[in-house]
Amino acid sequence: MSPSGAEFIKKVKTQIKEIDPSEVQEHLGEGVVLVDVRESDEWAQGHVPGAKHVPRGHLESRIEGAAPDRSSRVILYCASGNRSALAAKTLREDLGYENVESMRGGITLWKDRGYSVEQPKTYTPEQRARYSRHFLLPEVGEEGQAKLLDAKVLLLGAGGLGSPTALYLAAAGVGTLGIVDDDVVDVSNLQRQVIHTTDRVGVPKVDSAEQQITALNPDVKVVKYQTRLDASNIVDIIKDYDIVVDGVDNFPTRYLLNDASVRLKIPVVSAAILGFEGQLSVFAPYEGPCYRCLFRQPPPAELAPSCGANGVLGVLPGTMGLLQATEVIKMVIGEGDPLVGRLLIYDALAATTTELKVRRDPECPICSREPDAITDEEMGVFPDYEAFCAAAG
């Protein structure tokens, strides 16, 4: 650095607030937004745990993704504290951030103090090309993509809803996709179940879906369950997954899934379609209502015909399935506002959406109890939902 450059940096540091690494260490995880302004190759060599990566050259265009609230406390760091000082000045004077600091000595001093450094995931050249558009999004970036590759998502059904959801989660790089379906591909499926093809009619849907997913993204591991969910197998199937995507077409399985997911505290992204209308919500146990909070009893059979009996617009499951995939990705990367406590209703003919607020029912027969209150004996003997739903009709 030239003498004039050194003098300029020295002057900038008198105009911004510097903070010692010991204080940064003390406040990690307390709502402070920690931003690494180094270049991508430097970030790849290790960064402060919990930091978000916004290279200084992209500061103006990407900082809002990392720190949307301009009144929040933002701490910047680089290699030695010079670039972060300049960045702090820019945030405060040009971008209106009110509480900005630069970490003195950068990550070099951080390491010298013996504080831990997080090593980011290493991507192959092919992966860097495949996920390049995700890397450009500050809300996703390399850290978010690593979360997607580590995620385990279970799809209940490889039909109308499961098809687009599976394809887009695979394209996004969700590392493990479980698929539960006991059916085979039929010609009547092809109007809407886009993961299957004419030459695979008669093939088990789990095999057909695996073939298409693997062709799309070999990074994805497909775990197949060619079976029908029931009380004897549901816990063993869903227990190792981070999120369950509900694409089933019958009430008994939905009620059974609700009980099991609440007991195991696994969030469910649920959608339903019929005719020209779709519904979508996220049931996150103990964060919002469960399925039984919304629908204590199943509706009479004549008020809830199946798609096979009543028909469905072929593109509708595509619309709702993509919304399901979007909710899954948001939850995996920890960004945005998932549809917890909200029910989204989509009318394809009117091209309108309606959102309803939904609250937990304090008298819900399932989520009004803590998970531990449901004993192992109860877990092994779920209610006979086939009879339960039949009686409601």
Side-chain angles (χ1 to χ4, degrees), residues 151 153-157 159-166 168-169 174 180 229 234 238 241-299 303-304 306-307 312 316-348 350-368 371 385 389:
V153 177
L154 180 67
L155 301 165
L156 301 189
L161 290 166
S163 290
T165 308
Y168 271 88
L169 291 181
V174 171
V180 183
L229 282 181
I234 188 167
I238 75 172
Y241 288 90
D242 304 315
I243 300 171
V244 175
V245 178
D246 172 15
V248 301
D249 60 359
N250 66 86
F251 283 106
T253 306
R254 280 215 161 104
Y255 281 91
L256 182 65
L257 170 64
N258 180 74
D259 290 12
S261 61
V262 170
R263 174 64 180 86
L264 299 174
K265 299 179 72 172
I266 299 173
V268 175
V269 179
S270 182
I273 53 172
L274 188 66
F276 294 89
E277 186 176 289
Q279 297 181 357
L280 177 73
S281 191
V282 174
F283 301 113
Y286 304 101
E287 294 180 29
C290 74
Y291 188 76
R292 290 284 289 273
C293 292
L294 273 69
F295 308 107
R296 177 72 68 89
Q297 301 285 345
L303 296 182
S306 68
C307 292
V312 62
L316 181 63
T319 302
M320 303 309 297
L322 294 186
L323 288 174
Q324 282 184 289
T326 303
E327 292 301 300
V328 169
I329 291 171
K330 285 160 53 181
M331 294 171 72
V332 170
I333 66 175
E335 294 288 344
D337 186 14
L339 276 169
V340 177
R342 296 182 288 152
L343 179 67
L344 183 71
I345 301 173
Y346 172 64
D347 184 335
T352 59
T353 58
T354 303
E355 184 180 296
L356 304 177
K357 298 287 186 182
V358 185
R359 302 186 187 280
R360 288 182 65 184
D361 180 356
E363 298 181 358
C364 174
I366 300 301
C367 74
S368 63
Y385 280 117
C389 293

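Every value quoted in this text rests on a predicted model; they were computed, and no experiment measured them. Excluded from the calculations below are hydrogen atoms, water molecules and symmetry mates; all remaining heavy atoms, backbone and side chain alike, are included.
Here the side chain of R292 pairs no donor or acceptor atom with the backbone of N258 at under 3.5 angstrom.
Across G162 and L155, no two heavy atoms sit closer than the pair O-CD1, 4.4 Å. For I238 against L154, the heavy-atom pair with the smallest separation is CG2-CD2, 3.5 Å. Between V312 and P317 the shortest heavy-atom distance is CG2-CD, 4.3 Å. Looking at every heavy atom in both residues, Y255 comes nearest to F295 through OH-O, 2.9 Å. Pairing each heavy atom of T165 with each of G321, the nearest pair is OG1-O, 3.0 Å. Across P338 and E327, no two heavy atoms sit closer than the pair CA-OE1, 3.2 Å.
One distance of note links OG1 of T354 with CD of Q279; it measures 10.5 Å at 0.5 Å rounding. A distance of 5.0 Å separates CE in M320 from CG in L280, rounded to the nearest 0.5 Å. With rounding to the nearest 0.5 angstrom, the OG atom of S281 is 10.0 Å from the CD1 atom of I345. Taking CD1 from I273 and CG from L161, the interatomic distance works out to 4.5 Å, rounded to the nearest 0.5 Å. Here L256 contributes atom CG and F251 contributes atom CZ; the two are 14.5 Å apart, rounded to the nearest 0.5 Å.
The salt bridge (charged side-chain N to carboxylate O under 4.0 Å, His left out) test applied to R342 returns D337, E355, not counting sequence neighbours. By the salt bridge (charged side-chain N to carboxylate O under 4.0 Å, His left out) test, D361 pairs with R296, sequence neighbours left out. Evaluation of the side chain to side chain donor-acceptor pair (under 3.5 Å) rule for Q324 yields no partner, not counting sequence neighbours. Scanning for side chain to side chain donor-acceptor pair (under 3.5 Å) contacts around D246 gives R254, S270, with sequence neighbours left out. Partners of Y241 under the side chain to side chain donor-acceptor pair (under 3.5 Å) rule, at least two apart in sequence or in another chain, are Y225.
Of the listed residues (T326, L322, I329), just one forms a side-chain contact (heavy atoms from CB on, under 4.5 Å) with Y168, and that residue is L322. Here the options are P362, C293, P285, the test is side-chain contact (heavy atoms from CB on, under 4.5 Å), and the partner is C367; only C293 passes.
Within the 4.5 Å cutoff, no side-chain heavy atoms of E363 are placed close to those of S368. Two residues are said to be in side-chain contact when any heavy atoms from C-beta on lie closer than 4.5 Å; V328 and L169 meet this criterion. Using a 4.5 Å heavy-atom cutoff, the side chains of L257 and L156 are in contact. Within the 4.5 Å cutoff, the side chain of V244 has no heavy atoms near those of the S261 side chain.
For residues 267-282, no pair satisfies salt bridge (charged side-chain N to carboxylate O under 4.0 Å, His left out), with sequence neighbours left out.
Shown here is Y346, whose OH atom has more than 12 heavy atoms of other residues, nucleotides or ligands within 6.0 Å.
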